[in-house]
Student: 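Supplied in structure tokens, the structure appears directly below.
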Amino acid sequence: EVQVTINGRSFAVPKAYSILEAARANNIFIPTLCAHPRLKPIGRCKACVVDMEDGNLAMACSTKVADGMSLRTDTPRVKAKAAAVFRELKAKTMPAPPVRRLDRSEFENTFDAVTACDVDTNGMITIDPSMCVDCGRCEAACSKMQEMGILESTGSGVRPHGGLRLDETRCIGCGQCSSFCPVGAISEVSHIERLYAAIAEGKTIVAQTAPAVRVAIGEECGVAAGEVSTGKMVAALKALGCNYVVDTDFAADLTIMEEGTELIGRMQKKWAATPEQAEKMGPMFTSCCPAWINNIEIRFPEYLDNLSTARSPMMMMGSVVKTYFAKKMGINPADIFHFAVMPCTAKKGEIDRMQMVTGGMKVVDAVLTTRELGKLIRKHHIDFPALPNQEFDSPIGASTGAGRLFGTTGGVMEAALRTAYEVLAGKGISTLSYTPVRGLAGIKEASVEIPLKDGPTKTLRIAIASGIANANVMMCDIQAGKRSYDFVEVMACQGGCIGGGGQPKSLDPKIIEKRQSAIYSDDERATQRKSHENPEIMAIYKEFFGEPNSHKAHELLHTTYSD
Ligand code: HC1
Ligand code: SF4
């Protein structure tokens, strides 16, 4: 017999044993595929690697034990290697997911055992260290660009800092790590299977598409960067099996009506208050970016009352699809599968927030990123550039230039000003393209003079932050009394949603500028450029909501936050 130490525990085993036999005799799991106790070692699958004391890896099936040998079967690189072997084999041999059966194969059981503990997720992004090549990009995106510091490169695959699981960290789900990963080791949590399942169940499929998707989806399927592909995107979604495609931009216009009314209400109180009281009230923050909401809940909970109560356009659209739209179309809301195509990974978490359950229902059933839609278009061999343009479906498919602007940093502010100024001043803002809020600076500020129609001229102090690092700098300054505003727009990704963590991966250094120019040109092309002029918005208030901020609007279009 010889003495071997496995994972810090010492065992006496026959000297003719392999490491694998020694481990099995002592109930220590080493994943294998080609090895079989009644066959001589084959040594082909290479899933059984173990970490030797000298730093080398050895194959447990074909390495004999030796007296005093010490090894580990539980290190990250060993687990990652086994998971990688099984994933590769599965990809090669079983392109479709194996059907769940009672008599699961040995391969399936071992596959689950080696991969389940390995993949880490918080419902928005997922990390598979076995695919990681340690390039360091995700860590740089998270720690240097976003200044979140969630991830670390360990030399044997990326992991959250401090040995935490992802959902124990302060990750906000922005997904920037996934958009920079060159191998897919960090990716969005896929919702493609949800869509396939709903189609198979015969549900009525309703898609909505975010403002930033139409200026980027082309990059995934053979169209030049900076082109607006709205009509082709709608056509592609119909070709993929959607019964209806409606426009998140319509809901962005709806957001302006709700959030703009809320802002006017807050400002009227602020302007009537003493300067000290007004200062104490602080700014109103926009609430459409879910990674920003996660951030304020985690890091600045004392400002939760300063968040607009308006749900994001995506969630407003969900409520509208399962109430107003379902009724108009004569469809039982329970038979609708409603998914959103978003440039964002955090949106996958937003749909699961308990505050979003409306009438006992989840209003958005799945979120596909722009990248996932690109994958589907390619997988189904849809010739995207050749598709004829198709229109969004009425009565929730019309948008104004203001709604379209939401896709870029500064866009929500610009859209809100177009409407709020007009309501307060009784006449339109002099320039529709309001340049102080345009461009890609991380923090932008302006003071807007508003001659009130029934009183003096008032000043609205506005600011815009894009990129969560800039937002956090701004927040610390606000806390310290170094900055003071009335209305602040925050988007967690640089450039706003056009630079979202679910957007196409690109090596073009000017990619954000190109997408931003596409958004501005889409605004200029619009027949109406102010949210309150959208005829379908006027109709939905007349027929369904009554007034902005009405009781029904509060129930379906507003929310609360978690502290
Ligand atoms: Fe966005 Fe929004 S603009 S958050 O950036 O308010 O994701 O595009 O859909 O909801 O409209 C994202 C984009 C998106 C919402 C809108
Ligand atoms: Fe960091 Fe954002 Fe990735 Fe979370 S999602 S790990 S915050 S880059």
Side-chain angles (χ1 to χ4, degrees), residues 120-127 137-152 158-161 164 166-167 169-181 186-189 208-217 247-256 259 286-295 298 308 310-318 340-351 364 367 369-370 399 402-409 411-412 415-416 466-469 489-493 495-503 515 519 531:
D120 190 5
T121 181
N122 56 6
M124 298 176 280
I125 58 159
T126 167
I127 306 180
R137 276 197 198 166
C138 59
E139 194 182 1
C142 184
S143 299
K144 302 273 173 0
M145 190 173 99
Q146 296 289 66
E147 295 181 16
M148 285 281 111
I150 304 296
L151 302 171
E152 67 178 342
V158 60
R159 284 174 191 279
H161 262 293
L164 298 172
L166 204 42
D167 60 6
T169 69
R170 287 150 63 102
C171 166
I172 57 171
C174 69
Q176 287 302 322
C177 47
S178 72
S179 70
F180 282 93
C181 177
I186 302 192
S187 60
E188 63 274 73
V189 170
Q208 62 164 303
T209 59
V213 174
R214 66 208 65 195
V215 298
I217 184 63
D247 198 356
T248 315
D249 294 20
F250 163 86
D253 283 332
L254 191 56
T255 301
I256 289 302
E259 195 169 357
T286 57
S287 55
C288 42
C289 168
W292 159 238
I293 299 296
N294 294 340
N295 188 69
I298 295 169
S308 162
R311 292 185 191 186
S312 71
M314 177 184 80
M315 296 311 305
M316 287 198 185
M317 187 54 123
V341 188
M342 292 282 140
C344 175
T345 48
K347 291 269 173 205
K348 291 184 184 257
E350 186 183 8
I351 61 173
V364 180
V367 169
T369 61
T370 313
S399 71
R404 296 175 192 186
L405 284 173
F406 268 55
T408 175
T409 169
V412 180
S466 95
I468 203 68
E489 177 204 296
V490 181
M491 292 289 177
C493 296
C497 291
I498 46 175
Q503 288 285 62
R515 293 174 187 161
I519 294 261
S531 298

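Just so it is clear, the values below take in all heavy atoms, side chains as well, and ignore hydrogens, waters and symmetry mates. As the structure lists them, so they are numbered: ligands from 1, and atoms in each ligand from 1. Residues take their numbers from the sequence shown, with the count starting at 1. As the structure is a computational prediction, the values presented were derived from the model and not from experiment.
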Student: Atoms of ligand 2 less than 4.0 Å from C142 heavy atoms?
Tutor: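 Within the 4.0 Å cut-off of C142, ligand 2 contributes 1 (Fe), 6 (S), 8 (S).
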Student: Got the closest protein heavy atom to atom 5 (O) of ligand 1, with its distance?
Tutor: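 Closest protein heavy atom to atom 5 (O) of ligand 1: C497 SG, 1.2 Å.
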Student: Got the closest protein heavy atom to atom 3 (S) of ligand 1, with its distance?
Tutor: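 Result: F406 O, 3.2 Å.
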Student: Any idea which protein heavy atom is nearest atom 14 (C) of ligand 1, and the distance to it?
Tutor: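 Closest protein heavy atom to atom 14 (C) of ligand 1: P211 CD, 3.7 Å.
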Student: Would G500 count as a contact residue for ligand 1, given that I'm defining contact as a non-hydrogen atom of the residue lying under 4.0 Å from a ligand atom?
Tutor: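 No, G500 has no heavy atom closer than 4.0 Å to ligand 1.
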Student: Should you measure from each heavy atom of M314, which atoms of ligand 1 turn up under 4.0 Å away?
Tutor: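 This gives 10 (O), 15 (C) as the contact atoms.
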Student: Backbone or side chain, does any N or O of M491 fall under 3.5 Å from an N or O of ligand 1?
Tutor: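 So ligand 1 has no N or O lying under 3.5 Å from an N or O of M491.
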Student: Among all protein non-hydrogen atoms, which one is nearest to atom 6 (O) of ligand 1, and what is the separation to 0.1 Å?
Tutor: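 Sorting protein heavy atoms by distance from atom 6 (O) of ligand 1 puts C288 CB, 3.0 Å first.
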Student: If only atom types and distance count, is the side chain of S178 paired as donor or acceptor with the main-chain N or O of G501 below 3.5 Å?
Tutor: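 Pair found, side chain donor or acceptor close to backbone of G501.
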Student: Could you tell me whether M342 approaches ligand 1 through its side chain, its backbone, both or neither, with non-hydrogen atoms closer than 4.0 Å?
Tutor: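 Side chain only; the backbone of M342 stays clear of ligand 1.
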Student: Atom 4 (Fe) of ligand 2: which protein heavy atom is closest, and how many Å away?
Tutor: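 Result for atom 4 (Fe) of ligand 2: C171 SG, 2.4 Å.
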Student: Is there a donor-acceptor pair closer than 3.5 Å between any side-chain N or O of R214 and the backbone N or O of T209?
Tutor: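 The answer is yes, because a donor-acceptor pair under 3.5 Å joins these two groups.
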Student: Give me the one residue out of I498, T248, T370 that meets side-chain contact (heavy atoms from CB on, under 4.5 Å) with V213.
Tutor: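 Among the candidates, only T370 passes.
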Student: Would you say C174 reaches atom 4 (Fe) of ligand 2 with an N/O/S atom under 2.8 Å?
Tutor: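 C174 does not place any N, O or S atom closer than 2.8 Å to atom 4 (Fe) of ligand 2.
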Student: So, Q146 side chain and A492 main chain: donor-acceptor pair closer than 3.5 Å or not?
Tutor: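 Looks like yes, one N/O pair under 3.5 Å.
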Student: Could you state the interatomic distance from CE (M315) to NZ (K347), rounded to the nearest 0.5 Å?
Tutor: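 M315 CE to K347 NZ: 8.5 Å, rounded to 0.5 Å.
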Student: With heavy atoms of I125 as the reference, note each atom of ligand 2 found under 4.0 Å away.
Tutor: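 Going through ligand 2 atom by atom, the ones under 4.0 Å from I125 are 3 (Fe), 5 (S).
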Student: Between D253 and G403, is there a donor-acceptor pair closer than 3.5 Å when you use the side chain of the first and the backbone of the second?
Tutor: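 Between the backbone of G403 and the side chain of D253 there is a qualifying donor-acceptor contact (under 3.5 Å).
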Student: Please list, in number order, the atoms of ligand 2 under 4.0 Å from a heavy atom of M148.
Tutor: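 Near M148, meaning under 4.0 Å from one of its heavy atoms, ligand 2 has 7 (S).
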Student: Would you mind listing which atoms of ligand 1 come within a distance below 4.0 Å of any non-hydrogen atom of C344?
Tutor: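 With C344 as reference, the close atoms of ligand 1 come out as 7 (O).
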Student: Does any part of the side chain of T126, heavy atoms only, come nearer than 4.5 Å to the side chain of D120, both counted from C-beta?
Tutor: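 Sidechains of T126 and D120: no contact.
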Student: Using the rule side-chain contact (heavy atoms from CB on, under 4.5 Å), only one of V490, T286, L405 pairs with V412; which is it?
Tutor: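 With V412 as partner, V490, T286, L405 yield a single side-chain contact (heavy atoms from CB on, under 4.5 Å), made by T286.
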Student: Using side-chain heavy atoms (C-beta onward) and a distance below 4.5 Å, is I186 in contact with R137?
Tutor: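 Not touching, per the 4.5 Å side-chain cut-off.
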Student: Record the part of T345 in heavy-atom contact with ligand 2 below 4.0 Å; permitted values are side chain, backbone, both and neither.
Tutor: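 Neither part.
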Student: Find all atoms of ligand 2 within a distance of less than 4.0 Å from any non-hydrogen atom belonging to G175, and give their numbers and elements.
Tutor: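 Counting from 1, the qualifying ligand atoms are 2 (Fe), 5 (S).
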Student: Which is closest to atom 7 (O) of ligand 1 in terms of heavy atoms, A346, A210, C493, P343?
Tutor: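 Residue with the shortest heavy-atom distance to the ligand atom: P343.
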Student: Going by the order shown, which atoms of ligand 2 are within less than 4.0 Å of some heavy atom of I150?
Tutor: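 Ligand 2 atoms under the 4.0 Å threshold to I150: 1 (Fe), 6 (S), 7 (S).
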Student: Ignoring hydrogens and angles, tell me if any N or O in the side chain of K348 forms a donor-acceptor pair with the backbone of E188 under 3.5 Å.
Tutor: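 Judged by distance alone, no pair lies under 3.5 Å.
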Student: Backbone, side chain, both or neither: what part of K347 comes under 4.0 angstrom of ligand 1, heavy atoms only?
Tutor: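 For K347, the contact with ligand 1 is made by the side chain alone.
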Student: Please list the nearest protein heavy atom to atom 8 (O) of ligand 1 with its residue and the distance rounded to 0.1 Å.
Tutor: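 Its nearest protein heavy-atom neighbour is A212 N, 2.8 Å.
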Student: For the side-chain contact (heavy atoms from CB on, under 4.5 Å) test, which of N295, I150, N122, T345 pairs with I172?
Tutor: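 Single side-chain contact (heavy atoms from CB on, under 4.5 Å) partner of I172 among N295, I150, N122, T345: N295.
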Student: For C177, take its heavy atoms, then give the atoms of ligand 2 lying under 4.0 Å from any of them.
Tutor: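 Close to C177: 3 (Fe), 5 (S), 6 (S), 8 (S).
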Student: Minimum distance, heavy atoms only, to atom 2 (Fe) of ligand 1: which one of S466, A252, P313 is it?
Tutor: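 Selected option, by shortest heavy-atom distance: P313.
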Student: Rounded to the nearest 0.5 Å, how far does CH2 of W292 lie from OG of S287?
Tutor: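 Those atoms lie 10.5 Å apart.
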Student: Can you tell if the side chain of C344 reaches within under 4.5 Å of the side chain of P290, non-hydrogen atoms only?
Tutor: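 Yes - at least one pair of side-chain heavy atoms lies under 4.5 Å apart.
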